[in-house]
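Following: one structure in structure tokens, then a few remarks.
The figures that follow rest on heavy atoms only: side chains count, while hydrogens, waters and symmetry mates do not. Fair warning: this is a prediction, and the values are worked out from it, not measured in the lab. Remember, it's 1-based here, ligands and their atoms both numbered in the order they're listed.
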Amino acid sequence: MSSEQGDIEVTKERATVKPPGLYKVLLLNDDYTPMEFVVIVLNKFFAMTSEQATQVMMKVHREGVGVCGVFAKDVATTKVDLVSDFSRQYQHPLQCTMEEA
Ligand code: TYC
């Protein structure tokens, strides 16, 4: 194969590579986790102000689910793990999950 053909092949491969997907990190409502704890989580792991965190927490409380942010897959996975570990550490049943944006 000539180098010219090689270059064409490489271009074709690159054209079929998908851009990295984005993922929504979600918090789910439950009846036991204190509201103050959810606000701390949103402030600590998602860099929200108290006002933003309170708004998102109340949305989850009223509607059952809410978006904490949208991130690349590896960042979203890390955030889900950090929130889940933190909630477990304080023995709260808070559920954090992710879905493709
Ligand atoms: N529903 C909880 C309560 O009344 C508060 C809460 C809000 C829990 C958001 C989880 O993701 C959540 N204490």
Side-chain angles (χ1 to χ4, degrees):
M1 191 186 276
S2 76
S3 65
E4 199 181 317
Q5 279 173 315
D7 288 346
I8 291 165
E9 188 58 37
V10 166
T11 304
K12 232 167 49 178
E13 276 174 29
R14 284 198 184 143
T16 59
V17 172
K18 279 199 292 177
L22 291 175
Y23 286 76
K24 289 189 271 191
V25 173
L26 306 170
L27 272 187
L28 306 184
N29 189 34
D30 67 71
D31 291 338
Y32 305 103
T33 303
M35 290 183 174
E36 299 74 22
F37 184 82
V38 180
V39 170
I40 289 167
V41 164
L42 290 166
N43 178 249
K44 183 177 172 69
F45 297 107
F46 299 95
M48 291 187 198
T49 63
S50 298
E51 289 75 19
Q52 291 170 325
T54 300
Q55 272 194 1
V56 173
M57 180 280 294
M58 286 308 295
K59 183 181 170 69
V60 179
H61 177 69
R62 293 197 180 108
E63 299 177 19
V65 64
V67 179
C68 308
V70 178
F71 307 95
K73 190 176 193 179
D74 58 341
V75 177
T77 302
T78 300
K79 299 224 181 250
V80 168
D81 290 346
L82 288 171
V83 171
S84 302
D85 290 350
F86 187 66
S87 302
R88 203 171 304 119
Q89 187 185 330
Y90 287 90
Q91 299 183 309
H92 294 310
L94 182 63
Q95 293 295 300
C96 184
T97 184
M98 60 196 262
E99 70 176 32
E100 207 162 1

Pairs touching residues 78-87 that satisfy salt bridge (charged side-chain N to carboxylate O under 4.0 Å, His left out), sequence neighbours left out: D85-R88

Could you go through ligand 1 and note, for every N or O atom, any protein N or O atom closer than 3.5 angstrom, writing the atom names and distance to 0.1 Å, or 'none'?
unit_1   : atom_1 : unit_2 : atom_2 : d
ligand 1 : 1 (N)  : N29    : OD1    : 2.7
ligand 1 : 1 (N)  : D30    : O      : 2.7
ligand 1 : 1 (N)  : H61    : ND1    : 2.9
ligand 1 : 4 (O)  : H61    : ND1    : 3.4
ligand 1 : 11 (O) : L28    : O      : 2.8
ligand 1 : 13 (N) : T33    : O      : 2.9

Inter-residue atom distance M98.CE - F71.CZ, 0.5 Å rounding: 10.5 Å

Verdict with supporting geometry, N29 and V65, side-chain contact (heavy atoms from CB on, under 4.5 Å): CA-CA 6 Å; N29 189 34; V65 64; over 6 Å; no

Nearest heavy-atom neighbours spanning C96 and L27: CB-CD2, 4.0 Å

Interatomic distance, M57 atom CE to E36 atom CD [nearest 0.5 angstrom]: 7.5 Å

Between NE2 on residue H61 and CG on residue D30, distance to nearest 0.5 Å: 10.5 Å

